[in-house]
Every structure is written in structure tokens, then in C-alpha cells.
Amino acid sequence: MQNLLQNLNPEQYAAVTLPAESALILAGAGSGKTRVLTTRIAWLIQTGQISPSGLMAVTFTNKAAKEMQARLSAMLPINTRSMWIGTFHGLCNRLLRAHFRDASLPQTFQILDSQDQLSMVKRILKANQIDDDKYPPRNVVYFINNAKEQGLRAAKVNTYDPTSRQLAEIYGIYEEQCQRDGVVDFAELLLRTVELLASNQPLREHYQARFKHILVDEFQDTNDLQYRWIKLMAGTQSAVLAVGDDDQSIYAFRGANVGNMASFEREFRVQHRIKLEQNYRSHGHILDSANALISNNTERLGKNLRTDAGQGELIRIQEAPSDREESQWLVEQIKELTRQGIASSEIAILYRSNAQSRVIEHALFSASLPYKVYGGLRFFERAEIKHAIAYLQLMDNPHNDSAFLRVMNFPARGIGAKGQENLQDVARQHGLSLYAAVPHLGGKAGSTLGAFVKLIEAARFETQMLTLPELVKRVLEMSTLIQHYQNEKDGEDRVENLEQLVSSAAQFIAEEGFANDAPALMGPASIASTNIVQGDGVEILDADAALNTLMSPLSAFLSHASLEAGDNQAQVGQDALQLMTVHSAKGLEFDAVFITGLEEGLFPHENSAKETGGMEEERRLMYVAITRARQRLFISFAQTRMLHGQIRYNTKSRFLTELPEENVKWLSPKVQQNWFSSPKSAWDADDQYSQRSQFSGAGSSSYQNKVSYAAPHNIIPTNEDGWRIGLSVRHAKFGEGIIIKLEGSGSNCRAHIQFYKLGLKVLDLNIAKLEKV
DNA sequence: GGAGGAATGTTTTTT
DNA sequence: ACATTCCTCC
């Protein structure tokens, strides 16, 4: 035990050895959060305060869950597979499998991923002749997921106008369809579990009594439904350890509610709040900058990182005339870092949006610098894999319409759009699944579809006793998927992926502890034997959490395919530069980090201004970006950038002005764009006018650094008609103002103009009569 | 059923 | 600019 607690700093030690009461750990970036979480678990077990089955640890990503299991295994000789360590969705999946009857689900219910959910909504809109211009499928999906995250069923959704009534109606049809198909979407996994626990007292009390300790990672990212689930699992007796960092909350856009941290402290009567502020990652200049930047946010619980690592290097800031030159500069800097002996894989290039990667990739490619882009298509999201999975889903549940639709005519077997529509009509009339409706269909479509149904039935019969890898292999053969791709030009990769599916099935069986010869379709006998019937007749499962005790190998594999879409990350080990969005960089760290595109409108993103709290979230995003760096941090921006086929003229990000001057070094001339680059600049303040007038002259203002640089005219670009950012203009109606952004060119050129009296307007330069002042 | 052209929509993302 | 999806025509 002494080993476990060795080398913890006082705050970490305090967190690890907290009494069995609820607590909030504010864990700053690089403060050893995962270490505290895993050591806490190990300490609780080793000191005999809890058995491995008496605690639950929840994360957001599979990666984090696996990391926790791996570190725990290294600390204690225990089987972590049977422990309740997993993602919100993974653990809910397990609960619903164990209590499928109480949750009114078929035992082999399947999980709809986002793609499937969207196609299902599209299908419903079509079948009910709802105008998808008025109700775009994406919005409908958003509406449904949102309602579910509020815990609202279709019948309970607030409707206040015809549009919301229609949306609620679609939601209702969607619910019915899912139930009939035996499928649940991601939000449903959570909602179903919450409803199950809320309505089933014995079950709820059972789990509340069982899990004396609940640990939640990245608590700032929880949404309302996830928070409700934690409350239901905890009851009043369990000790909940919430670990999070409000300054790293960057997922409000997908429903995360930082407010859950405050609610947690209040509702769980938290007596222990521990701040982990000692940073083990970054050098001083980097950390000071991060601290200074984030102090501009008002909504904070308050935290300041410190380091013993020394000040280190200054942060380098580069201004480039264009995005291409920014990338060129990147190449030079990276070559220099490589010369200094920094491994490429220890260098990250971060950007706010994926669209920015193209020009960077181009420059890196031309310079023959190897790189990896994170965030592409993942293994189980590839079309050929989705097709194979659909066939596998039909083995377990042929009434899954989503799966049926995906492959009933793939590979093509002559079932046209007409036939498909007829089948859907017949199915709707009889209230049947597509599969069950086939015998009611006549004509040519009836016989071709009949053949397809026979194929599925034959496959189901033939594979009954096969193991999972055998079953996958056989289904690939019978479906002729592999054949189809072999005949297709450029199909080699797809064939390879399909073959890899067989090996990933074999690997899965081994990792999850299924018997090598277990029939894929057969549920484990242990489900029945571990169900204990309590006095009041409610079945309570008290098995471990291992998949092999809850599901058939096939069911488990299909869950795995939906819940862990596979790696979207570059291969580790290979020495290549790491390209990714700031969002995907969260949780990672690198020796050297480049943050690119620090421009108003891009970072902070222009869309963020529309959302309440949007600017603060952008600033947290910048905070996350800065704190990824261990030793070297570079920040760059470009005056012009190609975006959506148009040249955009942007000004430097306000975040740059929020970094303390003593921590940064400007590599390029600092351009005088002061009139609008300061976030606090007030347009109606008189002294702003005088600053503006300094622009046309070449001198530096007091606002500037001591050093004076080249005249800004050389740097700020002028477009073909002589318009440029910073130009003062007069409009007959709006009065005087200043151009802060230019979009497009030629006959399609607009200017964003900040008028002193009337504020921001966007004017078409070919229409508006503007006078240069 | 597939090729080729038009229309469309582009912040961030996990499960 | 560019990818994806939709639509039309053979």
C-alpha cells in the first residue's frame, strides 16, 4: 500500500485517501487526474474498504476506460474485465442486457449508431410524406436526441406551435419504430436505463446498495441525463467522486452542462473539494499564458496551475500573410525542431476546424514530412463494414429494418426502388417488420425479396452452431459481399477490411473472455443462474459486468461495433507529425505544439458569438490547446485564408492579445490592428477614433511593443478594388465606420463594417455606395 | 444499376 | 474549394 501512495503530492494524496463521502476534484490540465482516479480505486480495494464489484467508474470514451483498466491492472492483481469500469453508454448497455425484460427490450436488442439513426428518420419522413425541407432530417435527429437528454418521451414533449407538434409526432413514430425493430439509439441507452431505475424501486435499491463508490471522470462533460443516471445509481448512501475541470469544458455544443458540477456539490452535499493545481506537463511561460488567458472568463470555479519545471521557452507567435505562407512557416519550424532532435510524433499541429488541415497537409506533403491526421472514418463506420454488420444483425434479429434496408439490395439483386417502397407500404399496413412483410408481397419484387429472405434464413440456420469468427466468415461468403468487392475496381482495401472483420471477431472473443468454442448465437447460461429472485418477485441480476456473462458472442460483438467504432486516431509508434482539431487534442500532450489559425472568426469561431457563453467556450478551447504543450508552443495566424472557395481577410484573434507580453515572442512584425483586435475596445469611446487615425501613419502607438516594425500597408492585403481591412469608410445612411472583414471578391464581395453609430453591418460592395475616408 | 452532372452545405464529436 | 448527396439518363 505504501507503494501506491508514494510520490503523490499532498493534494493528490488527500484526494486518493478521502473518506467514503462524495467529493469534487478540480483537476487541472496535466495534474495527474487519471493517476488519482486509478490510485483511489486501488487504495479502496487494497485497504479492504470495498471489493472490486462494489464500485463503479464511469468515463466518456472507451480509450479512457481502457486506460483506467490497464493502469489498475498494473497496480493490483485483479481481473478488471468483470469490474464496472466503462463508458456511460457501455455500462448502460450492460444494465439493459441484464434487465432486458424489465426495460421492455428484446434480449438481442441492437444499437443504432448516428448514421443509422439519421437514415431511420429519413425513412420515417418519407413514409409519412413529411416535407424534409421544412423538417430537415438532421434537425429532427437533433430534436429527438435533445428531448431524450431532457428525459422527455414524445408524449411529454412541450409543443407550442404546429412545427413543434409535428416534430413531437415524428419523434413518436420514431419511438414506435425503434421499439418494433428492437433497436435503441445512443441517447436511448441512457434514457431507458434512467427510466428503468426510476420506476423499479427494488432494482434501484439493489444497485445503490451495491455501488458504495462511484467515480466519474470528466464530470464537466456530463449532460443532464448522465447526471440523472449518476444520481439514481448513487442514491443517498454512495460516495461519488466527481473529477473534472470546468476550464476544459468544451462540449456544451453537444449537451454537456458544466453546471452539473455546481449541482453536484449542492445536491450531494459535498464537503470535500480538492484542487489539483500542480502541473507536471508544461513549462512556466506556457502555463502562465494559459492561466492569464483563462482568467478572462467569468464563469469559473477558480484554479491556477503552477509548475516546478522552470520558465522554459517563450511562446513564439507568427503572423503570416496567407494560410499558405503560414503552412510554409510551419514546415520550416518543424524542420528546425527535428534538427534539434524532437521526434515528429512529439509535435502536434492543432487547428480549430478540420477544413484547415488541407493546406497544412499540402505543405507537409510537398516537404516530404510524414504526418498523420486524426479524426477520419473509423473501422466500423466504413461502408463495407456497415454492410457486413447489417448481415450479422439480421442473424440475431431479422426484424431490424435498418439492417434489412441496408442490405436487401446490396450486393445488387434486382430489388428496385419501387419494390422497396411497396414492401415498406405493406409492412406499414400490416404493422410488420420488413422481413415479416415479405410473404405478403406479390409480383416480381415479392419473389426477389423472397429469395433474399430465404438467404437470410439459410444463413441463420447454417450458422447456429458456429463460433463468432466462423459465423462472420460464413456470412461474408453467403452474402457475396467479398465477391462483390473483388469484382469492383479499387475494391482491394474493402476486401482487406472485410477480412480484418473476421480477425477482429476472433480477437474480440479472446479479449472478452468468451470460450473459444462458444456458439456465437447462444446466450450464456449464466444469465439465468445469476438472476436471483427477491422476495417481492423482482429479478435482480448480481453478476459481474463482463460481457460474456450477459450476452451471446454475437450480441456482444454487435454492441462493441456500435459503441466502439474503432480507432479514428493515427497509428501510435510511427514517427509522424500529429494533425488534429483542438477538440481531439484534449487529454493528449506533446513536446511541441503548433496552434494555427488564430484569427477572429475562425478561433474564436464566428458561430460561437451566436450562442450564449460561446465566447467563453472558445476561450476554454484555446486554454485546452495551450496546455497540450510540454516545452515548446507556437501560435500562428494568417491575414488571408481560403475558406469555402473564397478568400477571407481576417484579423488576429483576440486571444493573442490576452497572452501576457512577457511570455511571448513575436517572430513576425506585429501589425497594427489595434482598433478592433482588443476584446474590450469600445466602439463608441472617443479615444478609439484617435487610435484608428494612427493607422494611416506609419508610427507605432503606445499600445504597441517597444519595437517598431514595417508599415502595415505592406502586410495588410488590399483587394482588387482597393478595399482592405482597417479602411475607414463613409456611408450615406450609416455614417462613418471601419472595415473589419472582407468576404469574397469581384462581383460577389461583401464587407463587414463596424459603424461608429450603428454597429456592425454587412454590405455588398457592388451595391453599397461607400466613400473611402 | 451505375455513370456523370447538379445541388448543397460546410465548427467542434463521443457513444 | 471540395466532398457528399441527389437526380437524371441510358
Side-chain angles (χ1 to χ4, degrees), chain A residues 58-65 86-93 111-119 122 132-133 136-138 145 148-149 184-191 217-218 221-223 225-226 249-256 323 350-359 362 374-378 380-381 383 409-420 484 488-489 559-569 580-587 597 601-611 614 617-618 620-622 624-625 641-648 744:
Chain A
V58 198
T59 64
F60 274 84
T61 64
N62 293 296
K63 198 177 156 206
T87 64
F88 280 95
H89 294 85
L91 294 176
C92 285
N93 183 39
I111 300 165
L112 227 47
D113 70 15
S114 323
Q115 283 178 40
D116 302 331
Q117 189 188 25
L118 185 66
S119 8
K122 283 181 183 164
D132 58 0
D133 284 330
R138 307 197 69 88
N145 291 340
K148 289 191 179 187
E149 275 171 23
V184 298
D185 59 41
F186 289 132
E188 185 73 26
L189 283 171
L190 262 302
L191 180 53
D217 192 17
E218 304 277 19
D221 288 339
T222 52
N223 66 29
L225 195 52
Q226 288 158 340
S249 157
I250 55 173
Y251 285 114
F253 73 90
R254 65 172 194 211
D323 49 353
L350 310 183
Y351 33 80
R352 175 66 179 81
S353 64
N354 287 303
Q356 289 166 250
S357 78
R358 178 169 303 278
V359 61
H362 182 81
Y374 284 59
L377 250 203
R378 296 139 90 207
F380 285 104
E381 288 168 356
N409 196 36
F410 194 96
R413 45 177 73 84
I415 303 164
K418 263 278 157 50
Q420 302 194 13
H484 173 265
E488 197 177 61
K489 59 175 182 350
S559 292
H560 166 80
S562 306
L563 293 176
E564 305 189 40
D567 257 353
N568 70 336
Q569 327 221 316
M580 66 192 86
T581 63
V582 179
H583 280 93
S584 19
K586 190 173 164 214
L602 194 63
F603 198 178
H605 198 279
E606 54 199 348
N607 292 0
S608 69
K610 297 189 198 95
E611 288 144 39
E617 178 142 324
E618 293 290 307
R620 291 193 291 271
L621 200 49
M622 183 62 185
V624 167
R641 183 175 293 279
M642 197 59 131
L643 200 65
H644 310 323
Q646 288 186 327
I647 294 175
R648 304 237 319 204

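Side-chain atoms are counted along with the backbone in the values below, which use heavy atoms only and exclude waters and symmetry mates. Chain identifiers are assigned alphabetically (A, B, ...) following the order of the sequence lines, protein sequences preceding nucleic acid strands; residue numbering begins at 1 within each chain.
- Taking both residues in full, the closest heavy atoms of A/Asp217 and A/Ala64 are given as OD2-CB, 4.3 Å, listed atom of the first, atom of the second, then distance.
- One can place CG of A/Leu563 at 14 Å from P of B/dT14, the figure rounded to the nearest angstrom.
- Look at A/Asp221 and A/Lys586 and you find a salt bridge, because one of the NZ, NE, NH1 or NH2 atoms lies within 4.0 Å of a carboxylate O, short of that distance.
- For the pair A/His605 and B/dT11, the ring geometry qualifies as stacking, because the centroid separation is below 5.5 Å while the planes lie within an angle under 30°.
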Chi angles and distances behind the side-chain hydrogen bond (donor to acceptor under 3.5 Å, both in side chains) call for A/Ser353, A/Gln356: CA-CA 6 Å; A/Ser353 64; A/Gln356 289 166 250; 3.2 Å; yes
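- Look at A/Ser608 and you won't find any side-chain N or O under 4.0 angstrom from OP1 or OP2 of B/dT11.
- You can call A/Phe253 stacked on the base of B/dT12; the centres are under 5.5 Å apart and the planes sit within 30°.
- Going from atom CG of A/Asp323 over to atom P of C/dC2 covers 12 Å, rounded to whole Å.
- If A/Arg413 and A/Ser562 are placed on DNA chain B by their nearest nucleotide, the residue sitting closer to the 5' end is A/Arg413.
- Residue contacts shown for A/Asn409 are limited to sugar-phosphate atoms, with no base heavy atom under 4.0 Å away.
- For A/Ser114, taking side-chain heavy atoms from C-beta onward, the closest of the listed nucleotides B/dT15, B/dT11, B/dT14 is B/dT15.
- Contact annotation: A/Arg378 side-chain N/O to B/dT15 OP1/OP2 distance is under 4.0 Å.
- B/dT13 and C/dT4 have their P atoms separated by 15 Å, with the value rounded to a whole Å.
- Using atom C1' as the reference point in both B/dT12 and C/dT5, the two lie 23 Å apart (nearest Å).
- In this structure, CD of A/Glu617 is placed 14 Å from P of B/dT12, rounded to the nearest angstrom.
- The CZ atom of A/Arg648 sits 12 Å away from the C1' atom of B/dT10 (whole-angstrom rounding).
- The separation between A/Arg254 atom CZ and B/dT12 atom C1' is 9 Å, rounded to whole Å.
- Protein atom CG of A/Asp133 is 12 Å distant from nucleotide atom C1' of C/dC6, rounded to whole Å.
- Taking only side-chain atoms of A/His583, from C-beta outward, the nucleotide of B/dT15, B/dT13, B/dG1 with the closest atom is B/dT13.
- Between A/Thr581 and B/dT13 there is a side-chain N or O to OP1 or OP2 distance below 4.0 Å.
- Residue A/Phe88 is out of contact with every strand shown, counting any heavy-atom pair closer than 4.0 Å.
- Comparing atom distances between the A/Ala412 side chain and each of B/dG1, B/dT13, B/dT15 picks out B/dG1 as nearest.
- Closest to the A/Arg358 side chain, of the nucleotides B/dT13, B/dT11, C/dA3, is C/dA3.
- One can place NE2 of A/His89 at 9 Å from P of B/dT15, the figure rounded to the nearest angstrom.
- Among the heavy atoms of the strands lying under 4.0 Å from A/Ile415 are primed sugar atoms or P, OP1, OP2 only; no base atom is included.
- Checked against B/dT15, B/dT14, B/dT12, the side chain of A/Arg352 finds its nearest nucleotide in B/dT12.
- The 12-atom threshold is exceeded at CZ of A/Arg413, counting heavy atoms of other residues, nucleotides or ligands nearer than 6.0 Å.
- In this pair, A/His89 and A/Phe186 present their aromatic rings perpendicular. The plane angle is above 60°, beyond the 30 to 60° band.
- Residue contacts shown for A/Glu488 are absent, as no nucleic acid heavy atom lies under 4.0 Å away.
- How far OH of A/Tyr374 is from OG1 of A/Thr581: 11.5 Å, rounded to the nearest 0.5 Å.
- Look at A/Asn62 and you'll find a side-chain N or O under 4.0 angstrom from OP1 or OP2 of B/dT15.
- Taking the six-membered ring for Trp, A/Phe253 and A/His605 have ring centres at least 6.0 Å apart.
- Each of A/Asn354 and A/Leu189 has a nearest nucleotide on DNA chain B; the 5'-most of these lies closest to A/Asn354.
- In this structure, the CE atom of A/Met580 is 15 Å from the C1' atom of B/dT12, given to the nearest Å.
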